[in-house]
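Because only heavy atoms are used, hydrogens play no part in the values below, and waters and symmetry mates are left out as well, while side chains stay in. Quick note on labels: first sequence line is chain A, next is B, and so on, each numbered from 1. This one's a predicted model, so the numbers in the text were calculated from it and none came from an experiment.
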There are 2 protein chains.
Amino acid sequence: MIEPNGHFCSDCAVRGTAVCASLDPAELREFEHLGRRVHFSTGETVFSEEDITTSFFNLLEGVMRLYKLLPDGRRQIVGFALPGDFLGMNMSGRHNFSADAIGAVTACQFAKVPFGRFIEDRPHLLQRINELAIRELSQARDHMVLLGRRSADEKVATFLLGWRERLVSVKGSSNIVPLPMSRQDIADYLGLTIETVSRTFTKLERHGAIEIVHGGICLRDPARVEALAAA
Amino acid sequence: MIEPNGHFCSDCAVRGTAVCASLDPAELREFEHLGRRVHFSTGETVFSEEDITTSFFNLLEGVMRLYKLLPDGRRQIVGFALPGDFLGMNMSGRHNFSADAIGAVTACQFAKVPFGRFIEDRPHLLQRINELAIRELSQARDHMVLLGRRSADEKVATFLLGWRERLVSVKGSSNIVPLPMSRQDIADYLGLTIETVSRTFTKLERHGAIEIVHGGICLRDPARVEALAAA
DNA sequence: AAACCCGATTGACCCAGGTCAAATTTGACG
DNA sequence: CGTCAAATTTGACCTGGGTCAATCGGGTTT
């Protein structure tokens, strides 16, 4: 799972968008020694809700699901993480959600203590982390509106457009939207059941709004999907 | 609405819990000149979703509702703010939710630019703001679980206990839980309708779990309410 | 290519919570 | 007080989405 550090931050795929975007070349060289590249395979758990935070992760490749469980097993996915996302921002205490790899994942792992020391005299890095936290907070609030106040159709349409939008920075813009997560994952993200998600996909396809393709969907009539999502 | 600054941060009710908790006495004297005390009355809007952030607010007294609206008027309350809460943490861009006073409110208002300058060479203040943002993020995730995966009974029970818990730091612990917000506010917070909230309250009362009193509820059987919330 | 597995889809039915429509209570004001 | 107006409660009914149970692929193993 852990490999020696044969890489350079300066060539990193997420150099421009991740936390490290706030570092200058000199800092970057020092930073390079703090992180270690780690791999996870399909379904593997990277950290759990109840774990005390000992590491931060900078996602480099792949997709992760971030979720919380109720004691009786009900699951709410609170977000999907994409390359460039920074995980475990709790500087103290516990992670407050769990994270699994969806498919193969590569991340840059930092031990909490040295990372904390590195931040201390680099307020611009702290500021960058703060920006990311505030952006996530804003996404979280949007998602609350979706969970509390939108219908199943609106939820699915909003999800497809939002996911496509997030993929732009990773794969560029396209009407083909890959969905690496399962229907169950989508359901647990939208506060629905797997059956409702499936039925809604089928309905959208029957109406010519989307086409269900292997491993994702294709937006046939983006305007119609947008109309559904706006409502 | 704006009054001259005849107050001292050192006597402030939220001195120990708000952002300013991270400032030493010398800094506090300087900080004092940045903020101005403002008042809002019942139902008054402090800022709106679409407003560009020009001020931050430190809530001193009263309660506020923080919410987002869909174009068709559906509302989701994303949180209630209590004394000590810091609002408008977006350092750039727009507020991403609206905020109304519930009852009379007193706040400490900071203009964005001088506040931003003040932060710049005080990383511990930035760190404090970051901590608050991360705590809010954690609350937001908990609320997503509630909205996406809990039944009406569980939502109401969880709300009552959570609200009581939050009030501890303001009014101390008690089985009497004041509810300054309307039933509609509670419904919009929990992703329910006003009728369902009302019916659930009545049901809890019939079962002897709570008593509905003027301006709030009284927990008659906290253990039963906790059992409902845990589920 | 048959057997198997597992995720996804579809169908039939049901119920928690929404909708609509009255009461009823509360509060503000003359 | 009496009068409105607004908030809350209650009742009757309905429906969106959940539940339960087949069925349908698509991929892998033998």
[X] has an atom [atom1]; how far is it from atom [atom2] of [N], in whole Å?
X: A:Glu205; N: C:dA8; atom1: CD; atom2: P; value: 15 Å
X: A:Asp153; N: D:dT15; atom1: CG; atom2: C1'; value: 14 Å
X: B:Glu211; N: D:dT9; atom1: CD; atom2: P; value: 14 Å
X: A:Arg149; N: C:dG17; atom1: CZ; atom2: P; value: 13 Å
X: A:Asp188; N: C:dG7; atom1: CG; atom2: P; value: 13 Å
X: B:Ile212; N: C:dT26; atom1: CD1; atom2: C1'; value: 14 Å
X: B:Phe201; N: D:dT10; atom1: CZ; atom2: C1'; value: 16 Å
X: A:Arg74; N: D:dT19; atom1: CZ; atom2: P; value: 10 Å

I want to confirm an ordering. Mapping A:Thr196 and B:Gln184 to their closest nucleotides on DNA chain D, which one lands closer to the 5' end?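 Going by which nucleotide is closer to the 5' end, it is B:Gln184.
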When all nucleic acid strands are considered with a 4.0 Å heavy-atom cut-off, which category describes B:Gly191: base, sugar-phosphate, or nothing?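 Counting heavy atoms under 4.0 Å across all strands, the contact made by B:Gly191 is with sugar-phosphate only.
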When we call it a touch if two heavy atoms are under 4.0 Å apart, what does B:Ser182 touch: a base, just sugar-phosphate, or nothing?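 It contacts sugar-phosphate atoms only.
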Under the criterion side chain to side chain contact (heavy atoms under 4.5 Å, CB included), which of B:Leu219, B:Ile217, B:Ile210 is the partner of B:Asn175?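 Result: among B:Leu219, B:Ile217, B:Ile210, B:Leu219 is the only option passing the side chain to side chain contact (heavy atoms under 4.5 Å, CB included) with B:Asn175.
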Any side-chain N or O of [X] under 4.0 Å from OP1/OP2 of [N]?
X: A:His214; N: D:dG25; value: no
X: A:Thr202; N: C:dT10; value: yes
X: B:Arg183; N: D:dT9; value: yes

Assert yes or no for the condition that the ring centre distance of A:Tyr67 to A:Tyr189 is strictly below 6.0 Å.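 Here the rings of A:Tyr189 and A:Tyr67 have centres that are no less than 6.0 Å from each other.
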Selection from [options] that lies nearest to any side-chain heavy atom of [X]:
X: A:Ala152; options: D:dG17, C:dA8, C:dT9; result: D:dG17
X: A:Thr193; options: D:dG18, C:dA8, C:dG18; result: D:dG18
X: A:Arg199; options: D:dT10, C:dA12, C:dA8; result: C:dA12
X: B:Glu195; options: C:dC20, D:dG17, D:dT8; result: C:dC20
X: A:Leu192; options: D:dG18, C:dA8, C:dG18; result: D:dG18

Using the ring of each side chain (for Trp, its six-membered ring), is B:Phe57 parallel, tilted or perpendicular to B:Phe40, with breaks at 30° and 60°?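 Perpendicular: the ring planes of B:Phe57 and B:Phe40 meet at over 60°.
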Out of A:Gln76, A:Glu136, A:Glu49, which residue meets the side chain to side chain donor-acceptor pair (under 3.5 Å) rule with B:Arg141?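 The single option meeting the side chain to side chain donor-acceptor pair (under 3.5 Å) with B:Arg141 is A:Glu136.
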Considering residues, nucleotides and ligands other than B:Ile212, do more than 12 of their heavy atoms fall under 6.0 Å from its CD1?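 Correct, the count exceeds 12.
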